[in-house]
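Comments concern the structure below.
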Amino acid sequence: MSVVTPVREVAAMSTPTHVPRVRFCPAPSGWLHVGGARTALYNWLHARRRGGAFVFRVEDTDAQRATDESMRGMIDALSFLGLTWDEGPQVGGPFGPYRQSERQALYTAAADLLLASGAAYEAFETPDELREQREAAQAAGRPPGYAGGHRDLTDAQRAAFRAQGRQPVLRLRTPDTGTVEIDDEVRGTVTFDWSEIADFVIRRADGTATYVLANTVDDLAMGITLIARGEDLLSATPRQVLLISRLLAVEDGTSLLARALASAGLDGAPAPARPGYAHLPLLVGDDRKPLSKRHGSVAIDELRRQGFLPETLVNFLALCGWSYDGVTERFTVDELVERFSFDRVGRNPAAFDTDKLRSMNGDRIRDLPVAELAARLEPNLVDAGVLPAAVTADERALLAALTPLVQERIQTLAEAVDLIGFCFADEVAYDEQAVRKHLKGRAGEVLDAAAVALAEVEPWSDGAIMRALDGVAEDLGLGRGKTFQPVRVAVAGSAVSPPLPETLAVLDRATVVDRIRAARPLVAEPQQA
RNA sequence: GCUCCCGUCAUCUAGCGGUCUAGGAUACCGGCCUUUCAAGCCGGCGGCGCGGGUUCGAAUCCCGUCGGGAGCACCA
């Protein structure tokens, strides 16, 4: 399906709201965490549902923080989740480039035009002076925002500042009176007083664009119809709304934005319109504080490494702030696309509940076809060093046989490592506690008898092994607990493993018998013989 | 300090004036099952922040209050 052409047709009909264009625009610093992924997901879902376009734009205007590594991480994480973008890095699109570092000429042109039109003005305060003003204002109980000191400088004053070697920033003039109403798809109408909103910087002294400018210009230039982002940006919205008005202001038949686009030699959306808004509730940690590294794993890549399935993550993230009917919690991606809408998004912040995530992941693991699960387990076992990078056919066959045994015992793929790692190891790593607890008393007799019984049992199958072990138990007059556990510890090194007969059956008889004999000396004999 | 947002079990959430002695899920507790660990099944614990209104009737509407969060940057 083409996601680009319809926009032009729609623009021609001047009803741009029919085909939504949404975007996800992270700053490439750090990793994609669950909050960002949730924002990306909601946007993606919205675009997919209405046959619109999902635009991925990289906001790397702050060269200090942006890194290529982070950029790759974002791309990998989105790809892992299956959130494919229609326009953006790697795939291009009609309104590129999609990295803001490559669009500076556009912001410069827009800022120049804003200055020429009188919407913006030059301010010469240094960062230190602004900090002092802010502190003084705070101390006096006044709002800390810019007070408008350089709003109405004369040419002579500006020249004097320049003569001192100062470089000005550009500030946008905000109204002194009146209100702005923001019509938000999740919050309804939110009203702000213009008097609360100070003149803000759109271009830094070094000539680069700030977030508000770059972000607003690009949303317009790229024909974005709905801006869905975190609630933390709600109070920045009036400034963007104002900037949008200034950018869309028409003079001599062309908008300021169109002129900026032309002078930068870039293509923009044919008929940019004022985008709508949807401010998503914050995703917080289990302590109700904003998510950070302290909250364990909140990076998508880390969750992937731990063995969370992308379909679980997508399902779970969808539920972090959105609900369908309050009862249904299990959704396929297609069902989400079909059902998602911003009007079902809640307004209160959601805590990221790892326990529930694990539970949902376990459910999905259990529902996977065995062969599929085995295939997904493999890379995790390789990462953990249980399997070599080049997995042999034998190892793969063993994994396939083991997979049904772990399927209902793990919540994450990584948990399989502890459960069946011993099956692939050359040597058993004995858990000290397990040895102390189970290799004592009559365990020696059990191991001796089990070694003999298992060396002879025919066929080498779980049923026959079960009967052999039961025979040992009966001969010694012990229960299954007292017989199975010593054998389990001898073979697995641990008191916890998948069901014993089934597990032994998939291993070589020789391996099993050897391990039982090798463990024999570990048994602590009773003090009195 | 100012502005804005939010407030149902520990957690996520349903609820849009009567069907709510507030429903579901996770976690937790107990039982069944049982060779360990799980899974599964059954049962249990547990909540409308508070105070005023409006109304025959309020978790639902209004006001206040308290609490939490975000923003007020030459960061995004």
Side-chain angles (χ1 to χ4, degrees), chain A residues 25-27 29 59-62 64-66 123 125-127 130-131 134 137-146 167-171 182 184 187 190-193 195-198 200-206 208-212 214-215 230-238 279 281-282 284 286 288-290 316 319-330 346-360 362-363 366 406-411 415 418-419 434 438 466 469-470 473 479-485 487-489 492 494-501:
Chain A
C25 44
S29 59
E59 307 226 321
D60 54 350
T61 48
D62 183 0
Q64 303 290 311
R65 296 210 220 167
E125 293 96 338
T126 63
L130 289 171
R131 188 176 40 75
R134 199 161 35 238
Q138 295 256 46
R142 282 179 282 117
Y146 184 66
Q167 289 300 316
V169 300
L170 242 43
R171 285 183 184 270
I182 289 143
D184 191 283
R187 271 152 225 282
V190 182
T191 309
F192 292 88
D193 272 321
S195 62
E196 310 286 347
I197 297 152
F200 56 95
V201 175
I202 57 174
R203 185 164 71 190
R204 304 183 184 104
D206 67 2
T208 58
T210 60
Y211 161 78
V212 230
N215 181 267
E231 186 206 316
D232 49 334
L233 268 335
L234 182 57
S235 37
T237 310
H279 285 97
L282 254 32
V284 297
D286 37 25
R288 315 255 25 148
K289 296 281 186 236
F316 183 73
L319 258 12
C320 285
W322 171 86
S323 74
Y324 177 62
D325 56 10
V327 175
T328 316
E329 297 200 316
R330 178 71 177 271
R347 286 162 298 279
N348 45 326
F352 189 75
D353 184 350
T354 310
D355 279 336
K356 187 152 179 175
L357 208 214
R358 291 173 54 80
S359 164
M360 286 185 70
D363 286 346
R366 255 161 263 130
V406 297
Q407 186 155 28
E408 62 185 30
R409 297 183 159 70
I410 56 176
Q411 308 254 67
E415 285 171 3
D418 287 339
L419 226 39
H438 297 289
M466 177 68 125
L469 291 176
D470 274 344
R480 276 181 176 169
K482 292 278 185 213
T483 8
F484 283 55
Q485 283 307 80
V487 175
R488 190 190 309 279
V489 173
S494 158
V496 176
S497 83
L500 198 56

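All of these numbers come straight from a predicted model, not from anything done at the bench. Every heavy atom of this structure was used, including side-chain atoms; hydrogens, water molecules and symmetry mates were not. Every chain is numbered from 1, with letters handed out A, B, ... down the list of sequences.
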**OP:** Under 4.0 Å between any heavy atoms, over every strand shown, what does A:L130 touch: base, sugar-phosphate, or nothing? Just pick one.
**Re:** base
Please write out the pairs of protein N or O atoms and N or O atoms of nucleotides 58-69 of chain B separated by less than 3.5 Å, giving the distance to one decimal.
residue: B:rG69; atom: OP1; partner: A:K289; partner atom: NZ; Å: 2.9

Original post:
Base, sugar-phosphate alone, or nothing: which one does A:R203 contact when heavy atoms must sit under 4.0 Å apart?
Top reply: nothing
Subject >> Counterpart residues, side-chain hydrogen bond (donor to acceptor under 3.5 Å, both in side chains), relative to A:R171 (two or more places apart) >> reply: none
Subject >> Between C1' of B:rC72 and OH of A:Y211, the distance in whole Å >> reply: 15 Å
**OP:** Under 4.0 Å between any heavy atoms, over every strand shown, what does A:Q407 touch: base, sugar-phosphate, or nothing? Just pick one.
**Re:** nothing
Enumerate all atom pairs, one protein N or O and one N or O from nucleotides 20-24 of chain B, separated by less than 3.5 Å.
residue: B:rG23; atom: N2; partner: A:G326; partner atom: O; Å: 3.0
residue: B:rG24; atom: N2; partner: A:E329; partner atom: OE2; Å: 3.3

Subject >> Minimum-distance nucleotide to A:S359 side chain [options: B:rU26, B:rU36, B:rA76] >> reply: B:rU26
**OP:** Looking at every strand, decide which applies to A:P281 at a 4.0 Å heavy-atom threshold: base, sugar-phosphate, or nothing.
**Re:** nothing
Subject >> Any strand: nucleotide that pairs with B:rA22 via Watson-Crick or wobble, under 3.5 Å >> reply: none
Original post:
If we take the C1' atom in both B:rC16 and B:rC62, what is their distance in whole Å?
Top reply: 16 Å
Original post:
P atom, B:rA38 versus B:rA76: distance in rounded Å?
Top reply: 49 Å
Subject >> Partners meeting side-chain hydrogen bond (donor to acceptor under 3.5 Å, both in side chains) with A:D363 (sequence neighbours left out) >> reply: A:R366
Subject >> Residues which pass side-chain hydrogen bond (donor to acceptor under 3.5 Å, both in side chains) with A:R358, listed by chain and number, not counting sequence neighbours >> reply: A:E415
Original post:
Out of B:rU34, B:rC12, B:rC4, which nucleotide sits closest to the side chain of A:A351?
Top reply: B:rC12
**OP:** Select base, sugar-phosphate, or nothing to describe what A:S497 touches, counting heavy atoms under 4.0 Å on all strands.
**Re:** base
**OP:** Tell me what A:A350 touches on the nucleic acid: a base, only sugar-phosphate, or nothing, going by heavy atoms under 4.0 Å.
**Re:** sugar-phosphate
Original post:
Side chain of A:R488: nearest nucleotide among B:rU36, B:rC5, B:rU26?
Top reply: B:rU36
**OP:** Test side-chain hydrogen bond (donor to acceptor under 3.5 Å, both in side chains) on A:T208 and A:D206 and set out the steps.
**Re:** CA-CA 6 Å; A:T208 58; A:D206 67 2; 2.7 Å; yes
Subject >> Candidates B:rU34, B:rA76, B:rU26 - which lies nearest the side chain of A:D353 >> reply: B:rU26
Original post:
Heavy atoms under 4.0 Å, any strand shown: does A:P26 hit a base, just sugar-phosphate, or nothing?
Top reply: nothing
Original post:
Is any side-chain heavy atom of A:F192 less than 4.5 Å from a side-chain heavy atom of A:T237?
Top reply: no
**OP:** Considering only atom P, compute the distance from B:rC2 to B:rU65 and round it to an integer number of Å.
**Re:** 12 Å
**OP:** Could you work out the separation of B:rC66 and B:rA59 based on their P atoms and round it to a whole Å?
**Re:** 24 Å
Original post:
Which residues satisfy the salt bridge (charged side-chain N to carboxylate O under 4.0 Å, His left out) test with A:R131, sequence neighbours excluded?
Top reply: A:D128, A:E135
Subject >> Side-chain N or O of A:N348 closer than 4.0 Å to phosphate OP1/OP2 of B:rU13 >> reply: yes
Subject >> Non-neighbouring partners of A:D470 that pass side chain to side chain contact (heavy atoms under 4.5 Å, CB included), sequence neighbours left out >> reply: A:M466, A:R480, A:F484
Original post:
In Å and rounded to the nearest 0.5 Å, what is the OG1 to CG distance from A:T210 to A:L170?
Top reply: 10.0 Å
**OP:** Select base, sugar-phosphate, or nothing to describe what A:L357 touches, counting heavy atoms under 4.0 Å on all strands.
**Re:** nothing
Subject >> Value in whole Å for how far the C1' atom of B:rU13 lies from CZ of A:R330 >> reply: 18 Å
**OP:** Supply the atom-to-atom distance A:T483 OG1 to A:L500 CG, rounded to the nearest 0.5 angstrom.
**Re:** 9.5 Å
Taking only nitrogen or oxygen atoms into account, show me every contact under 3.5 Å that the protein makes with nucleotides 39-50 of chain B, one pair per line with its distance.
residue: B:rA39; atom: O4'; partner: A:E408; partner atom: O; Å: 3.1

Original post:
Taking for each residue the nucleotide of RNA chain B with the nearest heavy atom, is it A:P498 or A:G145 whose nucleotide lies nearer the 5' end?
Top reply: A:P498
**OP:** Map A:R480 and A:R347 onto RNA chain B by nearest heavy atom, then report which one ends up closer to the 5' terminus.
**Re:** A:R347
**OP:** Would you mind classifying the nucleic acid contact of A:D355 as base, sugar-phosphate or nothing, using non-hydrogen atoms under 4.0 angstrom?
**Re:** sugar-phosphate
Original post:
For atom P, what is the distance between B:rG7 and B:rC63, given to the nearest Å?
Top reply: 15 Å
**OP:** In whole angstrom, give the distance that lies between atom CD of A:Q485 and atom P of B:rU35.
**Re:** 11 Å
Subject >> Contacts of A:E329 that satisfy side-chain hydrogen bond (donor to acceptor under 3.5 Å, both in side chains) - sequence neighbours left out >> reply: A:K356
Original post:
With a 4.0 Å cut-off on heavy atoms, is A:M466 in touch with a base, just the backbone sugar-phosphate, or nothing at all?
Top reply: base
Original post:
For B:rC74, does OP1 or OP2 lie under 4.0 Å from any side-chain N or O of A:R171?
Top reply: yes
Original post:
Hey, is the main chain of A:E196 close enough, under 3.5 Å, to the side chain of A:D193 for a donor-acceptor pair?
Top reply: no
Original post:
Rounded to the Å, how far apart are A:E59 CD and B:rA76 P?
Top reply: 9 Å
**OP:** For B:rC4, give its Watson-Crick or G-U wobble partner with both distances under 3.5 Å, or none.
**Re:** B:rG69
**OP:** Searching all strands shown, indicate the nucleotide that pairs with B:rA39 (Watson-Crick or G-U wobble; both distances under 3.5 Å).
**Re:** none
Original post:
Partners of A:R187 by salt bridge (charged side-chain N to carboxylate O under 4.0 Å, His left out), sequence neighbours excluded?
Top reply: A:E231
**OP:** Specify the separation, in whole Å, of atom CG of A:L233 and atom P of B:rC4.
**Re:** 18 Å
Close N/O contacts between protein and nucleotides 1-3 of chain B (under 3.5 Å):
residue: B:rC2; atom: O2'; partner: A:E196; partner atom: OE1; Å: 3.2

**OP:** Write down the distance separating the P atoms in B:rG68 and B:rG43, rounded off to the nearest Å.
**Re:** 40 Å
Original post:
Checking all strands, does A:L500 fall into the base, sugar-phosphate, or nothing category for heavy-atom contacts under 4.0 angstrom?
Top reply: base
**OP:** Apply side chain to side chain contact (heavy atoms under 4.5 Å, CB included) to A:Q485 and list each qualifying residue two or more places apart in sequence or on a separate chain.
**Re:** A:H438, A:R488, A:A495
Subject >> Pairwise P distance, B:rC20 and B:rC29 [rounded to whole Å] >> reply: 31 Å
Subject >> B:rU19 and B:rU26, which share atom name C1', separated by this distance in whole Å >> reply: 28 Å
Original post:
So how far is it from A:T354 OG1 to A:Q411 CD, rounded to the nearest 0.5 Å?
Top reply: 12.0 Å
